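Structure record follows, encoded as structure tokens.
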Amino acid sequence: MSGGRFRKVAIIGLGLIGSSFARALRDLDLAAEITGSARSQKTCALAEEIGVVSQSFRNPADAVRGADLVFLAMPVESTEAVLRAIKDDLAPDAIITDGGSTKGNVVAAARRVFGALPRGFVPGHPIAGSEQSGVLAGRPDLFARHKVILTPVPESAPEAVAKVRAIWQAMGAEVLEMPVERHDAVLARTSHLPHLLAFSLVDTLARESENLDIFRYAAGGFRDFTRIAASDPVMWRDIFRGNKTALLSALDHFTDDLAMLRRAIEQDDSEGLLGVFTRAKAARDHFTHMLAGTAYAKTMKQKDIEYRVQPGGKLAGAVRVPGDKSISHRSIMLGSLADGVTEVTGFLEGEDALATLQAFRDMGVVIEGPHDGEVRIHGVGVTGLKPPPGPIYCGNSGTSMRLLSGILSAQSFDSVMTGDPSLSKRPMERVAKPLRQMGAEIQTTGERGTPPVTIKGGRQLKGIHYDMPVASAQVKSGVLLAGLWAEGETVVTEPAPTRDHTERMLRGFGYEVSVAGPTVAVRGGGRLRATRIDVPADISSAAFFMVGASIAPGSDITLQHVGINPTRIGVINILRAMGGDLTLLNEREVGGEPVADIRIRSARLKGIRIPEDQVPLAIDEFPALFIAAACAEGETVLTGAEELRVKESDRIQVMADGLAILGIDARPTPDGIVIQGGQLGAGRVVSHGDHRIAMSFAMAALRASGPIEIEDCANVATSFPDFTGIARRAGLLVSVQEKD
Ligand code: S3P
């Protein structure tokens, strides 16, 4: 190969895969010469006639002479015979790769022929089949945007692997590497088993009905499920035989589960059925999102999303922002642990709360939805959680991990929790430490005590009195939740008031909680009674609009049904102290939480010294408040807020950097920031994957002199799905750029 081009590529087998490979080589000019080999004379002639190869031969040895790349694309069962036939005619520098769907048997066949394998031998598998077959079915773009798995053997030379990788990448494929055995185990489940089932179902039904009459009534479900039963029978026979061990293990597992479903139907076990179907639906939706590259848990973050916001505009109208994140998390947790079915409305369908939901599904809880904010949780009781099948993935969500730490510390099974790169940097010892004092065996990672968090099950916890060194609702909640299973009383005293949703919701579930000033206590051993939860709109999401409307002249917006729990209203207090015009309307209580509509009109803000007692009450709203400070007259000083440095990003530094780029004098201090109000300019800022930073800078454009571009905004989906849609309708001139 010179300059990425092969001098001669020989393709053995000119079916769908082989002829597509040839077409891609030809169209991309990746080889000076392409020869082919096929068993049938007709295929050989056809391949030459339509020009996919320059010459083709029935004897593969004739095709490979002088080739520096040989691609085996015939049924895998012929591998040994073909390798024997070409062995003596292979050029010494030839790279040999293949496209077979099983790898263990290809490697075994090669070992029988060669003994020690040639250094150019690099087994591979393009996952790009189709139910069509034959030389005419080939397409030059068959491999584009598909995965190719390479399974190098110990003998494979790194240069050979690199060249095979490069050729697939040139064809637009995404190349992965894994060991031979892993490949076969994965493919047995994701490809071979479904094909086997499709063949089997169609055959069963076809034999049941003599004249195939029932197929006349078969609708889309049958068609979708059985499309792959039209695949090439010989190829699939070879695959099933070639991957026998892994396929049998997958088939046994499936047969057991199918028998369980049969029993559930026979015994009218409605919950059992719902459990399987809701889990399957969630998994399948996740898979669809993965394929489409749209929002959901892990996948969203791989996307690069950027906001561009034009300067000016004003906010107006009536807006309902999504449900409260803190309350949504807790509704899933307590609903899962309750006896009976809990119905939730207004649930936040953001990635953080969905991570919690998935965690409880993984622990065997049947959860219907979410669908338009409605969720039905079939509680399993305080002793009903089951071991999750693997590590619990908490994504970006500190709340999931810290609250779950308390719950998992008291379970009979072991567990591990992991998170995304941002969560993996956040401190977990703050919750692990008091849990250890209660008797939990919980480990964090590294010197800084970060995730993954590993918990041993089977510990009997005992109540403690914990004086929290930091004002953290997550730590308080983690300890109180562990207290549900602890012997005696678990008492937490907080240094400053933090959000009390856990306490309120426990009471809503009929669990006794005593509160005396800064001290909260629960006794272990009680039970939770299922209830209804109406999640109010999240004041932390509303905060962006409060700030936006305050700074943008002519704004008049009403935010509906916003939670105004006294432990959360720091943002209202601070904006009012700065001269903001905010009116609470229609104050009411919904399911134990105070709620109001909030009207905000633009106002001339002035800089203030933010009272330290407001810090925990506005802890998530400071990025937005810093934008208000940048637009205010004079100086705003924040102290006592070092906690901001360990949120989804270091919010003091990241905001100071962004404000400086926009021409604002913002001086970070160890525990806060000093901001001089001024004129926001245009610029490009980085959110560091922090949802609240991204949304804050978006609002800044309302008062900027030029456009603001914000990098790395995908994580906005963790707390505020459709932020840009809602903001645009309210008057923000924001557009979204997506890059793959
Ligand atoms: C939360 C508590 C706060 C807050 C977070 C949600 C909760 O964190 O910042 O967004 O739901 O309990 P800390 O407990 O770390 O202050």
Side-chain angles (χ1 to χ4, degrees), residues 322-334 347-348 350-353 355-357 394-407 419 422-423 425-435 449-451 466 468-482 492 494-506 520 533 535-536 538-544 563 565 567-571 593 612 614-625 640-652 671 690-693 695-696 715-716 718-720:
D324 188 282
K325 185 153 75 75
S326 293
I327 299 176
S328 295
H329 280 295
R330 288 158 173 85
S331 71
I332 297 292
M333 296 181 182
L334 299 192
F347 180 80
L348 169 66
E351 292 174 4
D352 278 13
T356 292
L357 189 151
C394 296
N396 193 247
S397 174
T399 309
S400 308
M401 194 171 278
R402 297 210 179 103
L403 271 60
L404 271 168
S405 293
I407 293 173
S422 152
L423 182 56
K425 284 194 232 132
R426 297 180 65 189
M428 292 298 142
E429 269 304 307
R430 51 175 59 194
V431 68
K433 208 169 136 212
L435 291 172
T450 51
Y466 189 59
M468 280 201 299
V470 279
S472 162
Q474 294 178 355
V475 174
K476 172 176 67 173
S477 301
V479 174
L480 290 175
L481 289 172
V492 182
E494 51 187 8
T498 67
R499 64 192 69 192
D500 62 356
H501 305 299
T502 305
E503 298 91 302
R504 285 174 189 256
M505 201 183 284
L506 276 170
V520 193
I533 296 171
V535 182
D538 197 329
I539 190 169
S540 298
S541 299
F544 304 107
N565 180 310
T567 59
R568 299 283 298 278
I569 53 168
V571 62
E593 291 279 352
E612 285 200 4
Q614 293 300 307
V615 169
L617 312 186
I619 193 68
D620 290 337
E621 287 67 73
F622 284 108
L625 284 167
E642 52 275 272
E643 272 297 296
L644 293 181
R645 294 200 178 270
V646 291
K647 293 295 178 187
E648 285 84 329
S649 69
D650 175 345
R651 286 183 173 159
I652 292 175
D671 68 339
D690 186 327
H691 52 141
R692 300 202 196 281
I693 304 273
M695 291 184 273
S696 299
N715 276 343
V716 166
T718 61
S719 68
F720 201 148

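Here the structure is a predicted model, which means the values were calculated and not measured. Read the numbers this way: they start at 1 and go in the same order the structure lists the ligands and their atoms.
Minimum interatomic distance between Asn715 and His691 (heavy atoms only, all atoms of both residues): O-CB, 3.2 Å. In terms of heavy-atom proximity, Ala482 sits nearest to Leu435 at CB-CD2, 3.5 Å.
The nearest protein atom to atom 2 (C) of ligand 1, hydrogens excluded, is given as Gln474 CG, 3.5 Å; this is a heavy-atom distance. Residue, atom and distance of the protein heavy atom nearest to atom 14 (O) of ligand 1 are Ser472 OG, 2.6 Å. Among all protein heavy atoms, the one lying closest to atom 9 (O) of ligand 1 is Asp620 OD1, 2.5 Å.
At a threshold of 4.0 Å, the pair Lys647-Asp690 does not count as salt-bridged, since none of the basic side-chain nitrogens sits closer than that to a carboxylate oxygen. Using a cutoff of 4.0 Å between basic side-chain nitrogens and carboxylate oxygens, Arg499 and Asp620 are scored as salt-bridged. Taking the charged nitrogens against the carboxylate oxygens, Arg692 and Glu621 have no contact shorter than 4.0 Å, which rules out a salt bridge.
Residue contacts with ligand 1: Ser326 is placed with a nitrogen or oxygen under 3.5 Å of a nitrogen or oxygen of the ligand (distance criterion only). For ligand 1, one of its N or O atoms has an N or O atom of Lys647 under 3.5 Å away. Annotation: Ala473 places an N or O atom under 3.5 Å from an N or O atom of ligand 1; distance criterion only.
Using a 4.0 Å cut-off to heavy atoms of Ile619, the atoms of ligand 1 that qualify are 9 (O). Applying the 4.0 Å criterion to heavy atoms of Arg402 picks out, from ligand 1, the atoms 15 (O).
Counting heavy atoms under 4.0 Å from ligand 1, residue Lys476 does not touch it at all. Within the 4.0 Å heavy-atom criterion, neither part of His501 lies near ligand 1.
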*Check step by step if side-chain hydrogen bond (donor to acceptor under 3.5 Å, both in side chains) holds for Arg330 and Ser477.*
CA-CA 10 Å; Arg330 288 158 173 85; Ser477 301; 3.2 Å; yes
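Between Arg568 and Ser540, the side chains place a donor N or O and an acceptor N or O closer than 3.5 Å (distance only, hydrogens not considered). Thr399 and Lys325 are not linked by any side-chain donor-acceptor pair at a separation below 3.5 angstrom, with hydrogens and angles left out of the test.
Closest heavy-atom approach to atom 7 (C) of ligand 1 within the set His329, Arg330, Arg692: this belongs to Arg330.
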